[in-house]
Amino acid sequence: MKLVILHSSDTHGFLMPTDYQNKDNYDAPISLSRVSSVVKSEKEKYGAENVLVTDSGDCLQGSPLASYTQKLPEDEGLRKFTEAYNEVGYDARALGNHDFNYGLDYLSYYVDNNRAPFINDNILDAATNVPFFGKEYTIIEKAGLKIGIMGITTQYISHWESEDHIKGLKFVSGYDVLSKLAKKLRPQVDILCALYHGGFESDPLTGEATEPHTGENEGYKILTEIPEIDVFLTGHQHRRLNLVTRDTAIVQPGYRGEAVGKVVIDFDKDTNGKVKINNMTTELIDSKDYAPDPAIEKIVKNLDEETQKWLDQPIAHLSEPAPIEDAIKGRIEGAPFINLIQQMQLWFTGADVSATAIMSESAHGFSKNVTMREVLLNYPYVNQLCIVKLTGKELKEIIEYSAGFLEKDKNGKIKFIDRWITPKPMLYHFDLFYPVKYEADLSRPVGHRLTKVTLNGKDLEDDKVYKLAVNNYRALGGGFYPAYSMDKIEKIFDQDYVQMFSEYLTHGDIKVDTTKNYKFY
């Protein structure tokens with residue numbers, strides 16, 4: 001006998017098979033519509049009564065369609081958006097960190113109108129210490145088995161999200177709650193699953209650390225210290241994972257609906273009803289091999305068409321373009337688009353220094369006629385701008401940390417170290433700084449690479465306090481940088497970056513700075 005578990009995660013509002021770079025291209029190898037076709041095909045193959053379908057969050061934010069949906073009244077936009085996820089036929093779901101980006105009212109509408117239950121064990125009501133959303137667990141019968149499902153979300157949301165979006169909530173360790181709940185549920189079920197919007201801080205096979213153990217990702221700790229879990233359904237890191245280790249099946253299905261994680265459990269049941277697992281296998285089903293589901297396309301057709309019209313609206317005219325030829329090359333060598341973001345941040349804040357990263361690997365910067373499509377493709381995250389007060393010493397430590405992302409290969413070519421490329425690309429953590437002029441010698445040890453850091457022709461003073469303009473994700477700890485902490489944030493601006501670009505680019509004539517203020521050698 002067989003039980004099949006299908007798992008999606010991090011679809012980020014890509015409901016249709018397009019990345020919105022070209023409004024006429026609907027052949028992208030992604031989308032919830034393709035995921036839905038995978039699910040329906042597998043149910044037909046195995047029988048719906050033998051297939052369990054789950055999702056671990058990050059659905060509400062990330063695509064241009066999601067951004068447009070959020071601007072509409074909920075009964076117009078979010079209702080259709082939610083219907084599309086209902087069409088897939090999920091049995092249980094978990095929340096992702098980006099599902100909080102538009103605030104609790106928006107999220108509550110989505111949760112309340114989903115047919116599948118949200119399982120939530122570690123996002124608590126701060127006043128009562130009980131789960132704020134959803135159910136603590138669910139037990140579902142499939143293939144004649146009782147399947148227990150627990151659900152957790154990365155506890156790090158409070159480090160990234162603005163206070164008004166998470167007011168009244170308390171985020172606790174997923175490991176802490178599952179270690180207790182798993183013991184309670186294990187005797188009641190035949191199969192125990194953990195649904196997790198989070199990933200692995202160490203390699204699940206070798207135990208080698210793959211990132212600092214901050215608590216953002218607790219997958220390895222859960223895997224190795226909670227043996228009651230049979231199936232671990234993960235997300236957040238956008239990785240492609242499928243393996244069986246420590247008698248636990250693990251899947252993580254990538255990003256934007258590129259794949260569906262599949263776990264097949266072969267089992268026997270004796271006359272007393274006792275279940276014996278004979279074997280577990282895992283795979284990732286690439287959704288590109290499946291045609292989009294017409295049922296989902298019908299639901300969101302009008303929403304998608306209106307999104308495309310909205311994206312082509314011009315919002316500003318520049319006297320000259322602000323390109324970035326290639327994201328990797330631009331980070332290392334500089335680009336007018338990077339300078340434009342820095343100029344904008346300084347214009348809003350009046351800060352001494354600005355820091356920014358390139359947020360998209362497909363970023364190409366702005367043409368002379370800037371459209372909403374260009375803004376969202378270059379800066380897809382719903383961040384807010386902050387002013388952070390730092391000493392000159394702390395600011396140099398931060399710049400030093402960023403210089404540690406780089407190295408030279410055997411031919412002397414500058415490249416990013418593997419840690420920031422694999423197992424998950426994380427170059428959105430690599431910040432550049434402006435208008436400070438700085439140079440870093442990559443032959444020197446990490447932490448001691450800066451050979452020059454000046455502001456307005458003067459060295460940074462260690463004890464002097466400077467104001468830094470940077471997004472809230474970084475200011476609240478994203479990227480593992482030193483020196484940042486909540487008590488150093490002087491101000492958080494209300495607008496998100498799309499709103500700021502719209503205001504800045506239309507306030508008057510803008511001269512894009514094309515000079516390069518940093519050098520790695």
Side-chain angles (χ1 to χ4, degrees), residues 159 201-202 208-214 216 327-335 338-339 341-342 345 351-358 386 388-471 473-485 487-488 515-521:
H159 291 257
E201 71 280 26
S202 296
E208 181 181 354
T210 51
E211 64 184 42
H213 289 192
T214 62
E216 176 185 349
I328 296 286
K329 182 180 178 183
R331 291 178 177 110
I332 295 171
E333 299 182 7
I338 298 172
N339 287 359
I341 298 176
Q342 310 277 34
Q345 293 189 165
D352 303 300
V353 181
S354 173
T356 193
I358 297 304
C386 296
V388 180
K389 296 174 76 171
L390 298 164
T391 65
K393 182 174 184 293
E394 290 170 330
L395 192 51
K396 284 187 284 188
E397 288 173 356
I398 287 170
I399 300 173
E400 275 281 15
Y401 179 84
S402 187
F405 281 55
L406 297 165
E407 65 181 2
K408 286 186 177 180
D409 65 17
K410 60 184 180 182
N411 298 316
K413 183 180 179 181
I414 295 173
K415 62 185 282 286
F416 286 95
I417 63 174
D418 288 343
R419 174 192 162 191
W420 299 105
I421 305 294
T422 59
K424 174 193 173 184
M426 294 192 293
L427 292 182
Y428 53 83
H429 285 322
F430 177 70
D431 277 353
L432 296 158
F433 305 85
Y434 177 95
V436 287
K437 296 186 182 299
Y438 61 101
E439 297 181 3
D441 181 353
L442 303 185
S443 67
R444 296 171 65 170
V446 171
H448 302 279
R449 291 179 162 183
L450 291 180
T451 57
K452 173 184 177 181
V453 188
T454 62
L455 178 63
N456 301 323
K458 298 179 181 179
D459 291 338
L460 292 181
E461 299 176 36
D462 283 355
D463 297 328
K464 182 178 178 179
V465 174
Y466 297 87
K467 292 185 178 183
L468 175 70
V470 68
N471 69 57
Y473 174 77
R474 187 75 73 241
L476 292 168
F480 321 115
Y481 276 73
Y484 289 117
S485 60
D487 61 303
K488 293 174 183 173
T515 61
K516 182 177 175 181
N517 64 298
Y518 60 89
K519 178 181 179 182
F520 304 114
Y521 63 95

Test: E394 and K488 ion pair at under 4.0 Å: yes

Sidechain N-carboxylate O distance under 4.0 Å for R449, E400: no

Given side chains that start at C-beta, do those of [X] and [Y] come closer than 4.5 Å, heavy atoms only?
{"X": "I398", "Y": "Y484", "answer": "yes"}
{"X": "T451", "Y": "R444", "answer": "yes"}
{"X": "Y434", "Y": "V353", "answer": "no"}
{"X": "F416", "Y": "F430", "answer": "yes"}
{"X": "N471", "Y": "T356", "answer": "no"}
{"X": "H429", "Y": "R474", "answer": "yes"}
{"X": "Y518", "Y": "I399", "answer": "no"}
{"X": "I328", "Y": "L427", "answer": "yes"}

Going from [atom1] on [X] to [atom2] on [Y], what distance comes out if it is rounded to the nearest 0.5 angstrom?
{"X": "T515", "Y": "N339", "atom1": "OG1", "atom2": "CG", "value": "6.0 Å"}
{"X": "T210", "Y": "D418", "atom1": "OG1", "atom2": "CG", "value": "13.0 Å"}
{"X": "E216", "Y": "E211", "atom1": "CD", "atom2": "CD", "value": "6.0 Å"}
{"X": "K396", "Y": "Y438", "atom1": "NZ", "atom2": "OH", "value": "15.0 Å"}
{"X": "K415", "Y": "L406", "atom1": "NZ", "atom2": "CG", "value": "9.5 Å"}
{"X": "K389", "Y": "Y466", "atom1": "NZ", "atom2": "OH", "value": "14.0 Å"}

In this structure, are over 12 heavy atoms from other groups packed under 6.0 Å from [X] atom [atom1]?
{"X": "K408", "atom1": "NZ", "result": "yes"}
{"X": "H448", "atom1": "NE2", "result": "no"}
{"X": "D409", "atom1": "CG", "result": "yes"}

Take L390 and E397 through the side-chain contact (heavy atoms from CB on, under 4.5 Å) test and state the conclusion after the steps. CA-CA 10 Å; L390 298 164; E397 288 173 356; over 6 Å; no

Do the side chain of [X] and the main chain of [Y] share a donor and acceptor less than 3.5 angstrom apart?
{"X": "K516", "Y": "E333", "result": "yes"}
{"X": "Q345", "Y": "A355", "result": "yes"}
{"X": "Y481", "Y": "D431", "result": "yes"}
{"X": "D352", "Y": "K467", "result": "yes"}

Run the numbers on Y521 and D441 for side-chain contact (heavy atoms from CB on, under 4.5 Å), then give the verdict. CA-CA 5 Å; Y521 63 95; D441 181 353; 3.7 Å; yes

Please give me the minimum heavy-atom distance between [X] and [Y], naming the atom from each residue.
{"X": "A475", "Y": "V470", "answer": "CB-CG1, 4.1 Å"}
{"X": "G479", "Y": "Y401", "answer": "O-OH, 3.0 Å"}
{"X": "T391", "Y": "D462", "answer": "CB-O, 3.3 Å"}
{"X": "L442", "Y": "A403", "answer": "CD2-O, 4.0 Å"}

Test side-chain contact (heavy atoms from CB on, under 4.5 Å) applied to A327 - qualifying residues, sequence neighbours left out: R331, I358, E361

